[in-house]
Every structure is written in C-alpha cells, then in structure tokens.
Asks: 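I'd like to ask you about the structure that follows.
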Amino acid sequence: MTLQNTEIADRFEELADLLEIEGANPFRVRAYRNAAQLVRGQTRAMADRIEAGEDLTELPGIGDDLADKIAEMVAKGDLELLQEVRGRTPPALVEIMHLKGLGPKRVKALHEALDVDSLEDLRQAAEAGRIRELEGFGEKTEASILRHIEQRQGEEKRTGLARAEALAAPLVEALGAVEGVEQVEIAGSYRRCKETVGDIDILVRAAADSPVMQAFVGFEAVAEVVSQGDTRSTVILRSGLQVDLRRVDTAAFGAALVYFTGSRAHNIAIRRIANGKGYKINEYGVFEDDERIAGETEAGVYGTIDLAWIPPELRENRGEVDAAREGRLPELVTLDDIRGDLHCHTDATDGRHGLAEMAEAAAGRGYDYLAITDHSRRVSMANGLDPERLARQIDAIDALNDELDGITLLKGIEVDILEDGSLDLPDAILERLDLRVCAVHYGQDRSREQQTTRILKAMDNPLFNILAHPTGRLLNKRGPYPLDLQAVLEGAAERGCFVELNANPNRLDLDDDGCMQARELGLKVPVSTDAHQAGHLDFMRFGINQARRGWLEAADVLNTLSLKDLVSALAR
DNA sequence: GCCGTTTTCGGCCCGACTGTTTTCAGTCG
C-alpha cells in the first residue's frame, strides 16, 4: 500500500503539529511543514519519482532524513515516527490546536494541567470554569474557546476541490483501465466545480459483466467499504473522503450524468419542464409514456425539452434554464482566454522563485504579461518591501524586461490597506509602478461598516487598481470578514478600479455570487493566482472554474485583455 | 530537519495584537 502525495503531506503536517505541541525544535517543525507543502504541490507522485530512481534530496527542503521518511511512506504506507509520536501525544490535540486562539503552548498546558485529550474534554473544562484558573488563561480566553468549539461543531466537513481532485485522479485512472469500462466521469458538485465538495460521485459506462465494482472496492486507497452492489457502491478513502460509484449502461449514460451532476434545484427545474411536455426525466432517460426518447447523451436529454446543453458550472437554478431556453447562455471564459496573471510574489518577499524564473514560468504558460506584486513593508512576516527595496525591484524588472522576449513583466505591488484606509507605501514610489494590488491583511476584526469604509477610502486614492482577495476568507479555516461587498463592487466600478478573484484554491475570493454581482455592474474581474512559486501559476484553472460558476465570459475578465488594452483599462 | 562554503555548526522571516499581566507570553499572519 503506497501513499499519494496528499496523504504524505497530511502525515508530515500532523507530525509537525504534534511535535510542536511537544515543544520540539521549531525549525525542525518548520522543516516538516515545508515538506508537507512541497509534496502537496508536486504534480508527480512521490512513488513514481522513487520508482524512477530519482534523488528526492534534490527537492528544496528535503534532506536525507525527509527523503527516507517519504520512501518509508511510499513503501509501507505508514510512518513509524508518526505512530510513535501519536502514542505519547493524543492526536486529538491537533484538532484543538487548530481552534482560533489556541496554539501549541496553550494546548500543552491544557493537556498537562487539566488532562484535556479531546475537544469534548476541552468543552467540559471550559464549561466547568476550570480553564480560567490556569496561569496565562482568563475568562475571555475560556469564553472564546467555548465559542469556537460550538462554531466548529456546526460546520459541515467539506473537501476543497483541489484536494478532491488530487484524491480522485488516481481512482479515475484506475477505473478507466478496468476491463469493460468505456467511460469514466466524475459528476456531482465536483463536476459543477464547486469550491468544496461533500463527497465524490463517479459514473462509469460499462457493461453489467464488467468487474468494475470489485476493482473499485479493492482500490488501494480505500479504507472502508460502506456498501457494495451491482450498480452502486460506496467507499471511504483513507483520507476520509466518501466516494460513490455508479455503473450505467450506454443508453442511459447522459441521463445519469445530468441526474448525478445536479444540482438538485437544477434537476427539479428541468423535470418540471419535462412534466409540462408530458415527459418524465429520471436517471435512466427521458420517457414519453414508457418509451425512452433520450438518455445516451446530455445534449439529447436537454434537447427533448428544447434546452441547449448547459455547462455544469451553471447548473444551480440561478437563471441558466431560462437562458438555455432563450438561447442566451453565456459563452464562459476558458483558460485559453487568459493572457496573463496580475498577482504573484517572488523571493524578494515570501515567494520561492526570482523574477526571471517567474517570467519564464509565465511565458511557458503562453502568457503575454505577468505582474510582480510582492508584499509591502507592513507584512513584516513576509519580509515586505519598503520604498528602497521596491525601487531596486523596479530597476531590476526594467532591466529584465529589456532581455525578455514575448513576455512583459509588469511592475506592481501588493500594498497593504492600513487600518485608517491609507496605503502602506508613499504615493511617490507607488506612482512608479504599472499597477497596485491593494489588500487587507491586518485588522480583519473591524465591523462591517468600518471595513467597508476603510476599503472605499483606500479606493479613493487614484493609485488604487485592484482589491486583492476581497473578503479575506480561507476555505475551511476562516470565514469572510464582515463587508458590504455590493458597496465595494459599486465603489470599484464608480472609481475605475477592480476587485480580484483570487485563484488560490484555499481562497477563491471573490466567490461565484460575487462574480455575478460584478458582472451585473459591468465590472471586469481580474482572475489572479497570488502565486508564491512558479508552479502556483497553475492555480489559474481553479480561478477560471469559479469565474465560470459566476457566469463570466472572456470579456468580463480583466486579464483576457491584450497588454495594450490592459494598460488602458487600468488607467483611472 | 535543512542548508551552506567566511559551513560540518549555527543559523533558520519577525512585528502587531490580545489577553493576560503590570512587563510579557502566546498567537497570528
């Protein structure tokens, strides 16, 4: 049993968390965290690299020890050190440490002084008022712990699309290779490209005598078989993700794909139309009386009720059915429409690669331009740029542009919007840039009014071009800060500035609703990766997924413009 | 635990904020 990259990364992360609670050398902890991040970001499986005889220590941050540990996980599917650490430090403490306001030191104190080994222990200790008695804790901390436990329990556990993709890909590949399988498609919210998915629904087109079900439940990443039948099985992967597999005949494949892609609201809407025409739609086809009149393809199913085929990203019953009937479905933006990226970092701040490497990576993706937007000084932890360092970077970009062919680096900054709505760097240096991406990183706990006012005030500065990750949310980690997004979008439209769709799969901020709001205002949306290393430029596709869910066409996306048109669009 | 060559040890991003204190530890980003 070998582990996938995601699973290797998960184990390194858990190890880092547990060691941190134990008070291990913080740099050792960081080494494990770095390794987790690195492995998670690799497109090729560690197992493949090892099989090919590659030297893993050539990866940055991987030395002999970590290479051995990766090899151990690939070979044995397990990591002895992690088992050892779990034996002496309860794994549930990791969950506790992820509560806001609790870090390794406090978790250790809670564990040692109050025997807290689980969230439930913690809740009881807080309710009994025992936490406030501890040194370094007080009433406010105790109340905040209780509040965060409750918030957490209300949350539905969903998996980010990027992670779901990484977990599903090997399964899809394996199923495709099974005898008798003609086609494999992932349906459900995954196919609709929702930012997170609850589970994964896979459809295979195969004859009844295909051994696909046995292959599915026997897949190496399966931890538990929940149910197994001839046409449907459900398993839980080791990662905790639930996967349903359905086997469908060719004649019903399109109907099943529509049915299992959903959304539920979309399906109800199209079934209602079918009823009006005297038809019945189910997962086996479109039926007139008992005769199947469509079912093999999706287009055929939609066609029977006089609808154009609807892209899965739109199937949310948000107007797509009417649009399909009236022939005014949007021509959704695609990755090929993108001409450049307007937000990325370099090793001058918290990125991994230098200007030249980023330029090369962008050129390799066929882009015409890439904006370099490192952090400003306020973000000290990322080694943000002060005016002097930014001036040096400006000169370096000018020099590099003279050498580059086919790609232009734009001089930019991700400048912090300070608490009072001013920008973190003086206008004199900001004026020398091609564009300014402006962001809130600190002071996210302001009221809705304060936060909205702060951002609108920042936009009053004519040097303000693009608001980065507008709500600050981190999927599954942190909700959006309170903000009147409609007012911010209107403010941007009035002033000639823009609001970003951050394509990082943990952000995807704007969300799909925000994109729709922007589109109604005629406000072009920049889709930007916020890349912190060259490979992150590939996050673009997650941003495009989200933009498509928000009904955006190429003309609605700022970075589909040519360099010349982009420059005029940015001018205020 | 990784890295580098003024290396085989000693450094590795650090300032703001919160809640706890009454000068600061812990957490966050």
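No hydrogens, no waters, no symmetry mates; every other heavy atom, side chains included, goes into these values. Keep in mind that what you see is a predicted model, and the values were worked out from it rather than measured. Naming convention: chains lettered A, B, ... in sequence-line order (proteins, then strands); numbering from 1 in each chain.
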Asks: Output a table of donor-acceptor pairs, distance under 3.5 Å, between side-chain atoms of residues 104-114 of chain A and any protein atom two or more places apart or on a different chain; print 'none' if there are none.
Replies:
| residue | atom | partner | partner atom | Å |
| --- | --- | --- | --- | --- |
| A/Arg106 | NH1 | A/Gly101 | O | 3.2 |
| A/His111 | ND1 | A/Val116 | O | 3.2 |
| A/His111 | ND1 | A/Asp117 | OD1 | 2.8 |

Asks: Counting only Watson-Crick pairs (N1-N3 plus N6-O4 or O6-N4) and G-U wobbles (N1-O2, O6-N3), all under 3.5 Å, who is the partner of B/dC24?
Replies: B/dG19
Asks: Between the side chains of A/Arg432 and A/Asp395, is the shortest nitrogen-to-carboxylate-oxygen separation below 4.0 Å, so that they form an ion pair?
Replies: yes
Asks: Specify the separation, in whole Å, of atom CG of A/Asp424 and atom P of B/dG29.
Replies: 18 Å
Asks: If the threshold is 4.0 Å, N to carboxylate O, is there a salt bridge linking A/Asp55 and A/Arg49?
Replies: no
Asks: With sugar-phosphate meaning primed atoms plus P, OP1 and OP2, does A/Ala35 contact a base, only sugar-phosphate, or nothing at under 4.0 Å between heavy atoms?
Replies: nothing
Asks: Is there a donor on the side chain of A/Asn25 or the base of B/dG1 sitting less than 3.5 Å from an acceptor on the other?
Replies: yes
Asks: With ring centroids as reference points, do A/His441 and A/His469 lie under 6.0 angstrom apart?
Replies: yes
Asks: So if I take every side-chain heavy atom of A/Lys140 and compare against B/dG1, B/dC14, B/dG19, which nucleotide ends up nearest?
Replies: B/dG19
Asks: Nearest whole Å is fine: how far is B/dG29 C1' from A/Leu474 CG?
Replies: 10 Å
Asks: Between A/Arg352 and A/Asp347, does any NZ, NE, NH1 or NH2 come within less than 4.0 Å of an OD or OE carboxylate oxygen?
Replies: no
Asks: Measure the distance from CG on A/Leu134 to C1' on B/dT21 and round it to the nearest whole Å.
Replies: 15 Å
Asks: Among B/dG15, B/dA16, B/dG1, which is the nearest nucleotide to the side chain of A/Arg378?
Replies: B/dA16
Asks: If you only use heavy atoms from C-beta on, which nucleotide in B/dG19, B/dC12, B/dG15 is closest to the side chain of A/Thr141?
Replies: B/dG19
Asks: Over all strands shown, is A/Glu419 touching base, sugar-phosphate only, or nothing at heavy-atom distances under 4.0 angstrom?
Replies: sugar-phosphate
Asks: Using a cut-off of under 3.5 Å, enumerate the N/O to N/O pairs linking the protein to nucleotides 24-28 of chain B.
Replies:
| residue | atom | partner | partner atom | Å |
| --- | --- | --- | --- | --- |
| B/dT27 | OP1 | A/Gly103 | N | 2.5 |
| B/dT27 | OP1 | A/Gly103 | O | 3.0 |
| B/dT27 | OP1 | A/Arg106 | N | 3.1 |
| B/dT27 | OP2 | A/Lys105 | N | 3.2 |
| B/dT27 | O5' | A/Gly103 | N | 3.4 |
| B/dC28 | OP1 | A/Gly101 | N | 2.8 |

